[in-house]
**Student:** 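Pasting a structure here, questions to come.
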Amino acid sequence: AKDGAISRKTALLRVEPRNLQQLLHPQIDPEAEQQVFAKGLAASPGAASGRIVFSAMAAQASAAREEPCIMVRQETSPEDIRGMHVARGVLTERGGMNSHAALIARGHGLPCVVGASDITLNFKDKTLTSAHGNVFHEGDVITVDGTNGLALVGEVGMVRPDLTGA
């Protein structure tokens, strides 16, 4: 449009709504080293890193300590709302694009991956085990990439939204 090849209106109509969502949230730096441990559905765009918590209470305690957290659940329910409000992201073992976790996360702008069925959660031991046998404990740091439906080991570099005049 700036070059005059197409009109501004035509240019705007060519932008996919999904792409606009991605511009508004932090994303994984494409040049950052990434070690994927789980894949699921990309339920809510954006990316976030934080310590694993397995309950809303643990998420609230993490927030009180000013430590970012990722809420990990089999699936979320209304009792998890308080934890989701303070978490930086959500990862669930079950669920789909219209699941509770997906809907609430999208509504709050939280990165969310649902239906990561290749992970196993043990709430008694407070562990998450990947399909490859990696074991993560509550308090370990992971990154959730809600744009691509990935869960990554550790804190991964991010690209912050750059909202320019364009």
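Note that these values count all heavy atoms, side chains included, but never hydrogens, waters or copies made by symmetry. Nothing here was measured: the structure is a model prediction, and the numbers come from that model.
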**Student:** Show your working on side chain to side chain contact (heavy atoms under 4.5 Å, CB included) between Q60 and R82 and close with a plain yes or no.
**Tutor:** CA-CA 7 Å; Q60 289 177 301; R82 288 185 177 158; 3.4 Å; yes
**Student:** Return the CD to CG distance between Q34 and L150, rounded to the nearest 0.5 Å.
**Tutor:**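 Those atoms lie 7.5 Å apart.
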**Student:** Are the side chains of R51 and R88 in contact, using a 4.5 Å heavy-atom criterion?
**Tutor:**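 Not in contact.
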**Student:** Should T129 and N122 count as side-chain neighbours, where that means a heavy-atom distance under 4.5 Å?
**Tutor:**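 No; the side chains remain at least 4.5 Å from each other.
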**Student:** Hey, what do you get for CG (L12) to CZ (R8), rounding to the nearest 0.5 Å?
**Tutor:**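 Nearest 0.5 Å value for the CG-CZ distance: 5.5 Å.
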**Student:** Where is the tightest heavy-atom contact between V86 and A59, given as atom of each residue plus distance?
**Tutor:**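 Taking V86 first and A59 second, the nearest heavy atoms are CG2-O, 3.5 Å.
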**Student:** Give me the atom names and distance for the closest heavy-atom approach of V114 to A101.
**Tutor:**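 Scanning both residues, the minimum pair turns out to be CG1-CB, 3.9 Å.
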**Student:** Is it true that, when you exclude M57 itself, more than 12 heavy atoms of the residues, nucleotides or ligands shown sit nearer than 6.0 Å to its CE?
**Tutor:**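 It does not: M57 CE has 12 such atoms or fewer within range.
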**Student:** At their closest point, which heavy atom of L110 faces which heavy atom of A87, and how far apart are they?
**Tutor:**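 Smallest interatomic distance, heavy atoms only, reads CD2-O, 3.1 Å.
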**Student:** To the nearest 0.5 Å, what is the distance between SG on C69 and CD1 on I52?
**Tutor:**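 One finds 11.0 Å between SG of C69 and CD1 of I52.
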**Student:** With rounding to the nearest 0.5 angstrom, report the CD to CD distance, E33 to Q35.
**Tutor:**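 The CD atom of E33 sits 8.0 Å away from the CD atom of Q35.
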**Student:** So do V135 and L128 actually touch side chain to side chain, heavy atoms under 4.5 Å?
**Tutor:**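 The answer is no; the side chains never approach within 4.5 Å.
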**Student:** With a 4.5 Å heavy-atom cut-off, do M71 and D80 have their side chains touching?
**Tutor:**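 Sidechains of D80 and M71: in contact.
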**Student:** Which residue in the set L152, V153, V156, V72 passes side chain to side chain contact (heavy atoms under 4.5 Å, CB included) when paired with I142?
**Tutor:**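 Exactly one candidate clears the test, V72.
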**Student:** What verdict does the side chain to side chain contact (heavy atoms under 4.5 Å, CB included) test give for R14 and I6, after you've listed the backbone C-alpha separation in whole Å, the side-chain angles of each residue and the deciding distance to 0.1 Å?
**Tutor:** CA-CA 11 Å; R14 289 184 180 177; I6 59 174; 3.7 Å; yes
**Student:** Which of these, E79, Q74, E75, sits in a side chain to side chain donor-acceptor pair (under 3.5 Å) with S77?
**Tutor:**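 It is E79, the one option of E79, Q74, E75 that forms the side chain to side chain donor-acceptor pair (under 3.5 Å) with S77.
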**Student:** Going by heavy atoms in the side chains, are T92 and T76 under 4.5 Å from each other?
**Tutor:**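 Answer yes - side chains close enough.
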**Student:** In the structure I gave you, are the side-chain heavy atoms of D29 and M158 within less than 4.5 Å of one another anywhere?
**Tutor:**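 No; the side chains remain at least 4.5 Å from each other.
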**Student:** State the CE-SG distance between M84 and C112, to the nearest 0.5 angstrom.
**Tutor:**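 It is 6.0 Å, given to the nearest 0.5 Å.
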**Student:** Check the surroundings of atom CZ in R73: do more than 12 heavy atoms from other residues, nucleotides or ligands lie under 6.0 Å from it?
**Tutor:**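 More than 12 within 6.0 Å, yes.
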**Student:** Using a 4.5 Å cut-off on heavy atoms from C-beta on, say whether the side chain of L91 contacts that of I119.
**Tutor:**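 Sidechains of L91 and I119: in contact.
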**Student:** Hydrophobic clusters here meaning ILVMFWY residues chained together by side-chain heavy-atom distances under 4.5 Å, can you tell me if L103 and I81 are in one?
**Tutor:**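 Different clusters.
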**Student:** In Å and rounded to the nearest 0.5 Å, what is the CZ to CD distance from F54 to E138?
**Tutor:**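 The CZ atom of F54 sits 6.0 Å away from the CD atom of E138.
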**Student:** Can you tell me if CD on E155 sees more than 12 non-hydrogen neighbours from other groups inside 6.0 Å?
**Tutor:**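 Counting neighbours around CD of E155, 12 or fewer heavy atoms of other residues, nucleotides or ligands fall under 6.0 Å, so no.
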**Student:** Heavy-atom count around R65 CZ within 6.0 Å, excluding the residue itself: above 12?
**Tutor:**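 Correct, the count exceeds 12.
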**Student:** For residues V159 and P30, report the shortest heavy-atom separation together with the two atoms involved.
**Tutor:**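 Residues V159 and P30, closest heavy atoms: CG2-CD, 4.1 Å.
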**Student:** At their closest point, which heavy atom of G50 faces which heavy atom of I70, and how far apart are they?
**Tutor:**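 Between these two residues, the closest heavy atoms are N-CG1, 3.6 Å.
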**Student:** Please work out which of the three classes, parallel, tilted or perpendicular, describes the rings of F136 and F37, given edges at 30° and 60°.
**Tutor:**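 Tilted, since the angle between the ring planes falls between 30° and 60°.
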**Student:** Between G146 and P111, what is the shortest heavy-atom contact and its length?
**Tutor:**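 Smallest interatomic distance, heavy atoms only, reads N-CB, 4.3 Å.
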**Student:** Would you check if there is a donor-acceptor pair between the side chains of T147 and Q27 at a distance under 3.5 Å?
**Tutor:**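 Present: a donor and an acceptor within the cut-off.
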**Student:** Mind checking whether T120 and T127 have side chains closer than 4.5 Å, heavy atoms only?
**Tutor:**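 Side chain of T120 against side chain of T127, heavy atoms only: no contact under 4.5 Å found.
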**Student:** Keeping R94 on the side-chain end and A116 on the backbone end, is there a donor-acceptor pair under 3.5 Å?
**Tutor:**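 Pair absent, no side-chain N/O of R94 close to backbone of A116.
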